[in-house]
Structure formats: C-alpha cells, structure tokens
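Just below is one structure, and these are the notes that go with it.
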Amino acid sequence: MSVDDVTSEPRSVAADIKRKTKEVLQSREHANNITEILETAQSEEDVVTAASLSALQKIFSTLLGRKEVYRGRLKGLEEETADPKKQYSRWLGQCYMDTLDILLNRLSSHDNSDIKELALLALLKLVTAEGKHPTSKSGGDQSNFPLRLFQLIIDRLMSSEADQSAVIGRFQDYFQYDDIRLFTFVSLHKNLRMVTKEFTRHPPDMYLQNVHTLLSQVQMPGEGDELSSLYVAPTDPDAECRPKQLKEQRRAFTNAWLSFLKNKLPTSLYKQVLLTLDQAVIPHMSSPKLLIDFLTQSYNIGGAISLLALNGLFTLIYKHNLDYPDFFKKLYALFEPSVFHVKYTARFFHLADVFLTSTHIPAYLAAAFIKRLSRLSLSAPVSSLQMVLVFISNLLRRHPNCQVLVHRGGGEGLGSDPYDASEPDPAKCKAMDSSLWEVKSLQSHVHPDVSQAAVLLGKPLAPLETDLSQYLELQTSEMFDKDLSRQSDQVPLEFHVPKGLFGPKDKFHNIWATEPPTKKQKTVT
C-alpha cells in the first residue's frame with residue numbers, strides 16, 4: 001500500500017494496521033507487514049500516523065521480549081549468511097532501527113503535539129523493553145538502563161527549532177522514577193557539551209528555552225528520601241546501583257546545570273534562571289560554591305540582572321560562607337533612581353534590608369546607605385517614599401552613631417551638602433559629614449502619610465524596628481483608595497473673600513470682576 005492510498009480512507013487504514021499488527025505477532029509468515037506499517041508511518045494523516053506508531057511500538061516491544069531482534073551493529077548486513085534465523089533477526093534489527101528513526105523524527109519535528117507525545121510514550125516503552133533484555137550494562141553497574149536509546153530521546157527533545165514545552169510537560173510524569181531522573185541529567189549534560197562546543201556557547205534561544213524547561217520540571221529528592229522507584233528493573237533488585245544514590249543524583253544535577261549556565265542566555269531567560277536559582281537549584285547541588293563565578297558575573301552586569309543575582313549571592317554568603325570582597329560597594333551602586341521602577345523593587349529592598357541587618361557594619365558604611373536613600377527620596381515615586389523612610393529609620397536604630405545626620409543643622413541643599421553622590425565608594429562619599437535635609441523637606445510633602453513619617457523620623461526613635469514588609473509592595477492605587485475611604489470631622493474652608501486670582505497683590509484684579517453679581521430686584525405691579 002502506497003502513502004497516496006493512505007490519505008483516502010484514514011480510518012479504514014488505521015483499522016487495517018491493527019489487523020496487520022496482530023498478524024505479525026501471531027506468525028512470522030506475516031513479518032512483511034512491518035515494512036508496510038513503516039510506510040504508513042510516513043503518512044500526513046494524523047490518524048494513520050498514530051496507528052502506525054502504536055503498532056510499531058507494540059510489535060517491537062513484543063519481539064524484543066522474544067529476543068528475536070538483532071541488537072548488535074548492522075555492519076556487514078549485506079553479507080550472506082546461511083542461517084535463516086540470523087538473516088531474519090538482522091532484518092528485524094534493521095526494521096527496528098528504522099522504527100526508532102521514525103519515532104525520533106516524529107518526536108522532534110511533527111506539527112501535532114499529540115503525535116509528539118505518542119512518539120515519546122512509544123520510545124519510553126521501548127526503553128523498558130530494551131531494559132528488560134539488555135545486551136550490555138548501558139547505564140553503568142547493574143541498572144540495565146538503555147542509555148544509548150535514552151540519549152537519542154533527550155537529543156530530540158532538546159530541539160533548536162521547535163518549542164517542546166508541551167511534550168516535556170508530559171515527560172515530567174516520568175521524573176518520579178529515580179533512574180529516569182538520573183539519566184535525564186546525564187544525557188542532558190552530554191547533549192549540552194556537544195551543542196555548546198558546536199555553537200561556541202551561543203546556541204539558539206529555542207534550544208536554551210527547551211533545556212531550561214526540562215531542568216525546571218525536575219523535582220529533586222531531599223535528604224532522607226528513599227530512592228527505590230526504578231523505571232527499568234536492575235539485575236539485582238537489592239544492589240546499590242547509581243539511580244539509588246542521592247550523591248549520584250546531585251552530581252548529575254550539578255553537571256547539567258553548570259553546562260547550561262556556561263552558555264550565553266537571552267535576557268528574559270537569564271532573569272527566569274536567577275529568580276529560581278536560590279530555591280530550586282542551589283539546595284540540590286553537590287557543591288553550591290561552583291556557582292560563584294556565574295553569580296558574581298551576573299552581579300557585575302548591573303540593572304535588573306544584578307538585582308536578581310542578589311538572591312543567589314545571599315544564599316551562598318549566609319549558608320555556604322562565601323567570601324565576596326567589595327560586596328557592599330557593589331550593593332551601594334545598585335541604589336539608583338531606576339531601582340524604584342523595575343518589577344523586582346520589593347525583592348531588592350527586602351534582600352538589601354537583610355544584608356544591612358548586622359550591627360557590625362561600620363558606621364560610615366551605614367551612613368552611606370542612609371544618605372543614599374535620603375537623596376533618592378527626592379525623585380522616588382510617592383508609593384515608595386514610606387518604604388524608604390522606614391528603611392532609613394531601621395538603619396538609624398541599628399546604628400545610633402548615624403543619628404547625628406538627623407539632628408545636624410546647616411548644609412541644607414545640594415550646593416552646600418558635602419555628600420558626593422557621584423562617588424562609587426561608600427567609604428569616600430563623605431556621608432558622615434552630611435545631614436538628612438532631604439528627609440526634612442519631605443515633612444512638607446503633599447501626602448499626609450509621607451509627611452507624618454518624615455516628621456517621626458526627626459523625633460526620638462522607638463527601640464523596636466518597623467516592619468518593612470508592609471510597605472514593600474505598596475501601590476499608588478492603594479494609597480488613593482485609602483485616602484478616599486478616610487473620613488474626617490474637620491474640613492478646612494476658605495472664609496476670606498478673594499481679592500483677585502493671584503493673591504492680595506494681584507496686579508490684574510481690575511481686569512476681571514471677582515465680586516458676585518447682584519441680584520436684580522423684581523418690581524411688584
């Protein structure tokens with residue numbers, strides 16, 4: 001049957017494929033049906049393609065179980081052999097290779113995601129079939145995992161042209177098996193090394209997106225979790241094979257992530273990685289300090305990338321004793337006007353507050369951050385001003401020596417302020433010689449909450465710090481709604497009759513009449 005005939009009656013052809021499959025499994029006399037099914041697998045009709053892929057999977061899963069398929073190298077296949085069984089086995093081996101090629105091509109390049117999913121499931125069933133009857137210990141030790149076939153599956157999943165997120169989502173269900181999880185990392189690490197070398201660390205964005213999708217779908221086991229769920233049964237169920245060892249799982253996980261992070265990531269993907277690195281990656285790495293280079297380079301980039309890199313650096317510094325020279329100098333540089341207008345403002349100020357929690361920070365350094373925030377308050381949006389003032393007040397509580405900035409008189413204004421805002425080194429910016437005249441100016445702010453917070457900052461501070469979290473995500477709309485719902489018994493009214501449009505010394509009062517018009521009296525007849 002030709003491919004052209006297939007397109008005429010797809011339903012009937014699918015039914016015929018099921019019949020031929022049954023015949024092949026019943027008798028060798030119908031083995032040529034395999035060739036016909038391989039032809040129909042090339043059909044453009046999804047119904048026929050689906051039936052063909054399912055049939056091929058069923059046929060070779062059964063034949064592999066019967067050990068009828070030749071699994072060695074097919075070199076010399078053209079050589080004549082007198083043994084008909086060997087000829088048949090070699091022929092089945094070639095058909096099996098053709099079947100794998102079709103399934104892998106459908107997995108990587110078919111337009112229909114359902115066909116891709118069907119091809120994936122068929123390949124994974126063949127992984128089970130090969131694992132039950134191994135020709136060698138492909139997965140290392142006694143795991144019997146067919147790593148060669150599994151490597152081909154991962155290679156096709158990591159497509160450079162098509163978005164594989166849907167089929168990777170289906171593949172996620174198999175990560176509950178410890179061997180699938182382990183050898184996914186092993187195969188992905190090998191694939192990444194090959195692609196990174198081929199594209200000199202600049203792979204296509206689609207490829208990197210597929211890799212990140214796969215990596216982010218994996219749920220790693222924790223300390224104390226039992227690793228006993230295997231997709232392919234080992235030779236000795238009681239043996240300590242690689243998938244059952246948490247150390248091996250973490251080592252493969254680390255290698256895969258490090259290989260991925262060596263590539264140049266697009267900005268959007270870069271941000272996604274940094275957002276989840278501290279919680280989803282670092283806790284499961286065999287050696288988290290291997291991320292030092294990546295995080296320090298990210299921190300030095302500037303902008304939103306640096307803000308997001310703070311998450312990972314915070315984890316390495318506080319949990320893994322990372323020694324980062326000039327850390328506070330770089331943190332100081334991130335306090336710029338644009339920090340109030342990025343999506344990660346709340347996250348940044350939360351982490352900055354944590355970094356500056358220690359009372360062992362030198363007074364000049366704390367004063368530099370206080371003065372920097374005070375200067376930024378002049379251009380900050382209204383919704384961020386309360387957060388800035390609370391941040392400053394907490395720093396003043398932690399460092400009483402800096403309260404001299406509040407009470408120091410004179411030097412008000414940009415012209416007479418000794419503070420050098422352009423100095424990148426907080427030790428040289430002369431913050432301790434300055435004053436918080438910017439905060440004093442906020443005492444006359446139009447919004448009552450801001451002005452009240454500024455007034456309180458000039459009075460003796462309570463010993464307990466103010467909770468910063470309630471101001472981190474404050475929006476202008478929330479402040480507006482709060483003002484609308486606020487009720488007051490005292491309403492200021494204008495009771496003086498205005499003498500002009502521009503005040504008592506209005507030079508134009510003779511031009512416009514501001515007196516109310518007199519009412520004409522009605523005459524009574």
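Owing to the predicted nature of the structure, the values given are computational and were not obtained by experimental measurement.
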Legend entry - Neighbour count >12 (heavy atoms, 6.0 Å) for atom NE2, His110: yes
Legend entry - Polar side chain donor-acceptor pair, Ser434 to Asp417, under 3.5 angstrom: yes
Inset, instruction - Work out which heavy atom in His407 is nearest to a heavy atom in Gly458; give both atom names and the distance. - result: CE1-O, 3.8 Å
Inset, instruction - Drop me the distance from Leu468's CG to Asp353's CG, to the nearest 0.5 angstrom. - result: 5.0 Å
Inset, instruction - Please work out whether the ring planes of Phe145 and Phe183 are parallel, tilted or perpendicular, with thresholds of 30° and 60°. - result: parallel
Inset, instruction - Answer yes or no: is there a side-chain heavy-atom contact under 4.5 Å between Val195 and Met158? - result: no
Inset, instruction - Would you confirm whether Gln172, through its side chain, and Val218, through its main-chain N or O, come within 3.5 Å as a donor-acceptor pair? - result: no
Legend entry - Considering all heavy atoms, the nearest Gly312-Leu295 contact: C-CD1, 3.7 Å
Inset, instruction - Would you indicate whether the side-chain heavy atoms of Val406 and Val439 approach each other to under 4.5 Å? - result: no
Inset, instruction - To the nearest 0.5 angstrom, please state how far the CD atom of Gln297 sits from the CD1 atom of Ile305. - result: 12.5 Å
Inset, instruction - For the pair Glu117 (side chain) and Ala166 (backbone), establish whether a donor and an acceptor sit closer than 3.5 Å, ignoring hydrogens and angles. - result: no
Legend entry - Whether over 12 other heavy atoms sit under 6.0 Å from Tyr318 OH: yes
Legend entry - Glu248 side, atom CD; Cys241 side, atom SG - distance, nearest 0.5 Å: 10.5 Å
Inset, instruction - Taking Asn311 for its side chain and Asp278 for its backbone only, find out whether a donor-acceptor pair lies under 3.5 Å. - result: no
Legend entry - Phe294 and Tyr270 aromatic ring geometry - parallel, tilted or perpendicular at 30°/60° bounds: parallel
Inset, instruction - May I ask you to check whether Ser165 and Thr213 show a side-chain donor-acceptor distance below 3.5 Å? - result: no
Legend entry - side chain to side chain contact (heavy atoms under 4.5 Å, CB included) assessment of Leu147 paired with Ser187: CA-CA 8 Å; Leu147 194 52; Ser187 301; 3.8 Å; yes
Inset, instruction - Verify the distance criterion only: is there a donor paired with an acceptor across the side chains of Glu336 and Ser338 at less than 3.5 Å? - result: yes
Inset, instruction - Could you tell me whether Arg397 and Glu465 make a salt bridge, using a distance below 4.0 angstrom between a side-chain N and a carboxylate O? - result: no
Inset, instruction - Flag the pair Arg148 / Gln151 as yes when at least one side-chain heavy-atom distance between them is below 4.5 Å, and no otherwise. - result: no
Inset, instruction - Examine Arg372 relative to Tyr332 and say whether NZ or CZ is less than 6.0 Å from the centre of the six-membered ring and inside a 45° cone about the ring axis. - result: yes
Legend entry - Backbone N/O of Asp449 and side chain of His447: donor-acceptor pair under 3.5 Å: yes
Inset, instruction - Check whether any side-chain heavy atom of Thr196 lies under 4.5 Å from a side-chain heavy atom of Ser259, and answer yes or no. - result: no
Legend entry - Salt bridge flag under 4.0 Å for residues Glu223 and Arg250: yes
Legend entry - side chain to side chain contact (heavy atoms under 4.5 Å, CB included) assessment of Thr254 paired with Ser286: CA-CA 6 Å; Thr254 301; Ser286 57; 3.2 Å; yes
Inset, instruction - Would you mind checking if Lys371 and Glu438 are paired as a salt bridge, meaning a charged N to carboxylate O distance below 4.0 Å? - result: yes
Legend entry - Backbone N/O of Gln470 and side chain of Glu473: donor-acceptor pair under 3.5 Å: no
Inset, instruction - Might you work through the ring pair (Phe, Tyr, Trp, His ring centres under 6.0 Å) test for Phe327 and Tyr299, ending with a clear yes or no? - result: CA-CA 10 Å; Phe327 172 79; Tyr299 191 50; 5.7 Å; yes
Legend entry - Under 3.5 Å donor-acceptor, Arg398 side chain and Leu356 backbone: yes
Inset, instruction - Please state whether the rings of Tyr174 and Tyr177 are parallel, tilted or perpendicular, taking 30° and 60° as the class boundaries. - result: tilted
Legend entry - Considering all heavy atoms, the nearest Asn255-His189 contact: O-ND1, 3.4 Å
Inset, instruction - For the residue pair Leu378 and Ser441, establish whether any side-chain heavy-atom pair is separated by less than 4.5 Å. - result: yes
Inset, instruction - For atom CD of Glu423, decide whether the heavy atoms of other residues, nucleotides or ligands shown that lie under 6.0 angstrom number more than 12. - result: yes
Legend entry - Which atom of Cys402 lies closest to which atom of Ala366, heavy atoms considered: SG-CB, 4.0 Å
Legend entry - Parallel, tilted or perpendicular: ring planes of Phe150 versus Phe171, cut at 30 and 60 degrees: tilted
Legend entry - Stepwise side chain to side chain contact (heavy atoms under 4.5 Å, CB included) check, Ser377 with Leu389: CA-CA 8 Å; Ser377 67; Leu389 293 172; 5.7 Å; no
Inset, instruction - Could you grab the distance from atom OG1 of Thr345 to atom CZ of Phe349, nearest 0.5 Å is fine? - result: 7.0 Å
Legend entry - Within 6.0 Å of CD in Gln452, more than 12 heavy atoms from elsewhere: no
Legend entry - Closest non-hydrogen atom pair between Gln403 and Leu461, with its separation: NE2-CD1, 4.4 Å
Legend entry - Gln209 versus Asp205, side-chain donor and acceptor atoms under 3.5 Å: no
Inset, instruction - Identify the two heavy atoms, one from Leu474 and one from Ser383, that lie closest to each other, and give their separation to 0.1 Å. - result: O-CB, 3.5 Å
Inset, instruction - Could you tell me whether Asp179 and Lys244 have a side-chain N and a carboxylate O separated by less than 4.0 Å? - result: no
Inset, instruction - Indicate yes or no for a side-chain donor-acceptor contact from Asn394 to the backbone of Thr466 under 3.5 Å, with no hydrogens or angles considered. - result: yes
Inset, instruction - Please tell me if the side chains of Val186 and Arg242 come closer than 4.5 Å, counting only heavy atoms from C-beta onward. - result: yes
Legend entry - Side chain proximity check, Pro204 to Glu161, heavy atoms < 4.5 angstrom: no
Legend entry - Any Arg181 side-chain heavy atom under 4.5 Å of Pro221 side chain: yes
Inset, instruction - Verify, without hydrogens or angle tests, whether Ser374 (side chain) and Ile370 (backbone) share a donor-acceptor contact under 3.5 angstrom. - result: no
Legend entry - Ser384 (side chain) donor-acceptor with Ala380 (main chain) under 3.5 angstrom: no
Inset, instruction - Drop me the distance from Met220's CE to Met285's CE, to the nearest 0.5 angstrom. - result: 10.5 Å
Inset, instruction - Apply the test side chain to side chain contact (heavy atoms under 4.5 Å, CB included) to residues Lys264 and His202: give CA-CA distance (whole Å), side-chain angles for both, the deciding distance (0.1 Å), then the verdict. - result: CA-CA 6 Å; Lys264 182 174 178 58; His202 287 76; 3.2 Å; yes
Inset, instruction - Report the distance from atom CZ of Phe335 to atom CG of Leu373, rounding to the nearest 0.5 Å. - result: 5.0 Å
Inset, instruction - Look at the side chain of Ser159 and the backbone N and O of Arg156, then say whether any donor-acceptor pair between them is shorter than 3.5 Å. - result: no
